[in-house]
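Working notes, structure below.
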Amino acid sequence: MRLKRTCYCAELSKKNTQEKVVLAGWVESIRDHGSLIFIDLRDRSGIVQLVFDYQRSSSFFNQAEKLRPEYVLAVSGEVLMRSPETVNPAVNSGEIEVVVEDMEVFNASEVPPFYIQDGINTDENLRLRYRYLDLRRPEMQHMLEMRHKSMMTARSYLDKHGFWEIETPVLTRSTPEGARDYLVPSRTVSGSFFALPQSPQLFKQLLMVSGVEKYFQITRCFRDEDLRADRQPEFTQVDLEMSFCSRKDVMKTVEGFIYSLFNEVLKKEIELPFPVISYTEAMERFGTDRPDNRFGMEIKDISKIALQSEFKVFRNVVKNGGVVKGLNASGAGNFSRKELDDLTSLVQSWGTGGLAWMIVTEEGFKSPIAKFFTSGHLEEIRKEMEGEPGDLLLFVGDEWENTLIILGKLRLHVAQLLEIIEEKDSFLWVIDFPLVSFDKEESRYYSNHHPFTAPLESDLSLLEQDPLKARSLAYDLVYNGIEVAGGSIRIHKRDIQEKIFALLGITDEEAQEKFGFLLTAFQYGAPPHGGIAVGFDRLLMLMAGRASIRDVIPFPKTATGTCLLTGAPASVSREQLEELHISLVQKEINEKEGEEQFPVSDNAES
RNA sequence: GGAGCCGUGGUGUAACCAGGUUAACAUGCCGGCCUGUCAAGCCGGAGAGUGCGGGUUCAAAUCCCGUCGGCUCCGCCA
């Protein structure tokens, strides 16, 4: 390397006029005028225009003519002001240009398979296969920078607040409950497997017993479940745990972290503290445990009126212990019959009998079910629903939870149709979750969060009497209707932990076998503690306003959990399998033998 | 495990529903001209047989079946 860079392309401005600079980067575009060539040189800062003038650079002008997009080079030259009519205001460095006096071409490039530009509309297949080129695009570079800055913010914020960054094992043991584990076979212990962590949950609790008091880790987690647009099988958490804390302390810590993140990375000011609502209130008002509160259209109850009406469907629902609830799709009174029918089939596909609707008009109600209600009851409904002429009222009658869940989905769906969701950053906490739910099929209780989540002290007695009513000290942080963090205060007393295990049907032997090490640790003076994990990728996705989590992960997996860049997962040699004491079942061997070996696997870094 | 959408020169699309010329257009690529462009311009050229396999038909990018890959959703997963 003869030429050594002195600055980045986009840093240059008219302040640098007449300076001699050395730049290095990739050829973005070429405008060849014969004896005058313009080249936009790109590095991670942006672009600057290079000028090759036949008069001034005759010694290597023919070399410049051979440059092609994505060639890598360094140039030295002088920064000159452009004449006013040639200034390009669209580019940061558009007021100046660099007249090239020397050039060193480091490498040529194949013609890239897609444009190295923002906003390309290319098959994601290709982008993933050539991810290193995709990442060269400015918007992806910004993503990488934003990810880096967010990590630095997390580290400095948590460091400032007394948290220690401590690593926990990636090779650990499989634990019951939760997601499917990724397994890693042990070579030295035949027939045994490590599991990759779904989260460092048990280790961070052990660290509290160790007297660390405040721990954090920016850590990779693994869950072998099917993917979604906002879900990858390996993802990053900002994980933290603290001793001698209330849930308020944990929530304050996260609020402060989110605040600095927005402040330092996005240069945005967000309002603290975040609103807090209980799970029950979230369900009653929004029909979900992760409400999107960027718009209203809250769920209202008309069960009492329904019970008095002549509308049998609703009356019977309430008589049988169900509820009738609805929402006001304000301004949707002009929906066509077809649109209403579509909404009806939609809610039916979600699993309820149907959808009742009423359109409020100046003259009264337009609705197939209006005739079953007295004018007094209709007026009561209008009042309860805050219906104004032009509004569409939608009602579902079913059992409590189902009614709310369906109206919650409907609320989101209608809000999207009506385009009433404001673009803003809206956070809220959901607390007081039910500690356990009941699985009808397996006829047993299971933890909503995890088995170490502490119940509310006031609800301890409910554990035996009415477990489903017991609330937990768990908390979720919701950002624009998407869960971005979740945590809880943990149980640190053995008797309560035993009660929970009993409730979940985990026997002493099982408990001892699965996480005896934690229970033993707790016998040596476990402090009260709690923590939370922030879904880092998902948070970044929302902060960046992207619809896909893949857009904020440098090397993501496809919907089937494969990596198109490396070809992982791939088959391994018979010898490798033998060392691991693994044999494939015959069917799979037959399939594998038909396959080609993936070409890079021989020289892959390890 | 289930459902839907997509797959055509390097890239993005058209033709597909209602099978019938040499698979069209833009861009990119190659060559030529050109000293003020910045999506440079002008002229010329090359480049695909339609993801793969099978079927129907005189004839398949087009219809049918299967399969592979990508995306989205449900189940699953905090």
Side-chain angles (χ1 to χ4, degrees), chain A residues 28-41 47-57 61 65-66 68-70 80 82-91 93-95 97 99 109-130 133 177-181 198-199 201 221-233 235 237 289-290 346 349-351 409 430 433 441 447-450 453 474-478 482-488 532-535 538 547-548 550 556-562 564 567 591 594-595:
Chain A
E28 165 121 345
S29 69
I30 302 158
R31 296 176 292 280
D32 184 347
H33 291 235
S35 309
L36 178 71
I37 302 173
F38 298 104
I39 285 187
D40 289 338
L41 187 71
I47 60 168
V48 72
Q49 173 163 286
L50 307 180
V51 184
F52 292 85
D53 187 324
Y54 183 69
Q55 309 288 325
R56 298 185 59 168
S57 49
F61 193 83
E65 282 181 313
K66 293 200 187 85
R68 291 293 176 267
E70 302 311 318
L80 289 182
R82 298 197 199 179
S83 61
E85 71 279 8
T86 61
V87 162
N88 182 357
V91 175
S93 60
E95 284 186 303
E97 61 194 7
V99 178
S109 169
E110 295 288 312
V111 176
F114 48 81
Y115 305 111
I116 312 297
Q117 287 168 8
D118 283 352
I120 53 167
N121 175 28
T122 299
D123 191 18
E124 204 164 342
N125 227 319
L126 264 188
R127 288 181 52 203
L128 292 175
R129 200 180 304 280
Y130 296 93
L133 294 180
E177 317 246 351
R180 192 179 297 116
D181 286 318
Q198 296 179 25
S199 76
Q201 185 60 39
C221 302
F222 305 86
R223 292 180 189 162
D224 188 6
E225 298 293 348
D226 286 345
L227 290 83
R228 288 288 184 280
D230 63 352
R231 223 157 74 191
Q232 283 272 308
F235 59 99
Q237 284 187 346
D289 60 0
R290 44 185 174 88
L346 197 62
S349 75
W350 292 333
K409 286 185 185 175
V430 180
F433 283 85
E441 275 173 32
S447 300
N448 280 328
H449 191 63
H450 55 61
T453 303
Y475 30 79
D476 277 0
L477 181 63
V478 179
I482 294 177
E483 189 210 318
V484 292
S488 65
I532 193 165
V534 179
R538 203 176 274 181
S548 166
R550 293 184 300 279
K557 307 248 180 321
T558 68
T560 46
T562 66
L564 293 178
E591 281 166 9
E595 267 177 35

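Here is the naming used below: chain letters follow the sequence lines, and residue numbers restart at 1 for every chain.
- Residue ring and base: A/Phe38 counts as stacked with B/U37 (centre distance below 5.5 Å, interplanar angle below 30°).
- Base orientation of B/G49: syn (glycosidic angle within 90° of 0).
- With both pairing distances under 3.5 Å, B/A46 is matched to nothing as a Watson-Crick or G-U wobble pair.
- Here A/Thr560 reaches the OP1 or OP2 of B/G70: one of its side-chain N or O atoms lies under 4.0 Å away.
- Relative to the side chain of A/Ala559, the nucleotides B/A40, B/C71, B/U72 differ in distance, and B/C71 lies closest.
- Note on A/Asp230: nothing from the nucleic acid sits closer than 4.0 angstrom, heavy atoms only.
- The C1' atoms of B/C33 and B/G70 are separated by 44 Å, rounded to the nearest whole Å.
- In this structure, CG on A/Asp230 lies 4.0 Å from CZ on A/Arg538, to the nearest 0.5 angstrom.
- Nucleotide B/U21 forms a pair with no other nucleotide shown, judged by Watson-Crick or G-U wobble geometry with both contacts under 3.5 Å.
- Atom CD1 of A/Ile30 is separated from atom CD1 of A/Ile37 by 8.5 Å, given to the nearest 0.5 angstrom.
- What you find for A/Leu227 and A/Thr560 is that their closest heavy atoms are CD1-C, 4.5 Å.
- Of the candidates B/G70, B/C34, B/U37, the closest approach to any side-chain atom of A/Asp32 belongs to B/C34.
- Candidate nucleotides B/G10, B/A78, B/G75 were compared by shortest atom distance to the side chain of A/Asp476, and B/A78 ranks first.
- Using a 4.0 Å heavy-atom criterion, one finds that A/Asn448 contacts the bases of the nucleic acid, with or without backbone contacts as well.
- Backbone-only engagement by A/Arg550 is indicated by non-hydrogen atom pairs under 4.0 Å involving sugar-phosphate atoms exclusively.
- In this structure, B/G69 forms a base pair with B/C6, meeting either the Watson-Crick or the G-U wobble geometry with both donor-acceptor distances under 3.5 Å.
- At the heavy-atom level, A/Glu124 lies under 4.0 Å from the strands shown only through sugar-phosphate atoms.
- Considering only side-chain atoms of A/Thr562, the nucleotide from B/G70, B/A40, B/U72 that sits closest is B/G70.
- A/Leu126 comes within 4.0 angstrom of the backbone, heavy atoms only, and of no base.
- Protein atom CZ of A/Arg180 is 10 Å distant from nucleotide atom P of B/G1, rounded to whole Å.
- For A/Glu97 against B/G36, a side-chain N or O and a base N or O form a donor-acceptor pair under 3.5 Å.
- Across all strands shown, A/Ser349 has no heavy atoms under 4.0 Å from either base or sugar-phosphate atoms.
- If you check B/U37 for Watson-Crick or wobble pairing at under 3.5 angstrom, you find it has no partner at all.
- Taking only side-chain atoms of A/Thr122, from C-beta outward, the nucleotide of B/A40, B/U11, B/U13 with the closest atom is B/U11.
- Within the nucleic acid shown, A/Asn125 comes within 4.0 Å of sugar-phosphate atoms alone, with no base atom in reach, counting heavy atoms only.
- Residue order along RNA chain B, read from the 5' end via each residue's closest nucleotide, puts A/Arg68 first among A/Asp53 and A/Arg68.
- Separation of atoms CD (A/Gln198) and CG (A/Asp181) is listed at 4.5 Å; rounding is to 0.5 Å.
- Under the stacking definition used here (centres under 5.5 Å, planes under 30°), the residue A/His33 qualifies as stacked on the base of B/A40.
- Nearest nucleotide to the side chain of A/Leu36, out of B/G36, B/G12, B/U72: B/G36.
- Considering A/Phe52, A/Tyr54, A/Phe38 in turn, A/Phe38 is the only one that fulfils the side-chain contact (heavy atoms from CB on, under 4.5 Å) rule with A/His33.
- In the set B/A78, B/C38, B/C71, the nucleotide with an atom closest to the side chain of A/Arg82 is B/C38.
- If you check every strand for non-hydrogen atoms under 4.0 Å, A/Arg223 touches sugar and phosphate atoms only.
- Minimum atom distance to the side chain of A/Asp123 is reached by B/G70, of the listed B/U35, B/G70, B/C38.
- Comparing B/U72, B/U35, B/C38 by their nearest atom to the side chain of A/Arg31 picks out B/C38.
- Closest to the side chain of A/Gln49, out of B/G75, B/U11, B/G36, is B/G36.
- Heavy-atom minimum distance, A/Thr122 versus A/Phe114: OG1-CB, 3.8 Å.
- Counting non-hydrogen atoms under 4.0 angstrom, A/Gly178 reaches the backbone sugars and phosphates but no base.
- Within the nucleic acid shown, A/Gln55 comes within 4.0 Å of at least one base atom, counting heavy atoms only.
- To the nearest 0.5 Å, the span separating CD on A/Glu95 from CZ on A/Arg82 amounts to 9.5 Å.
- Between B/U37 and A/Asn88, no contact under 4.0 Å exists linking OP1 or OP2 to a side-chain N or O.
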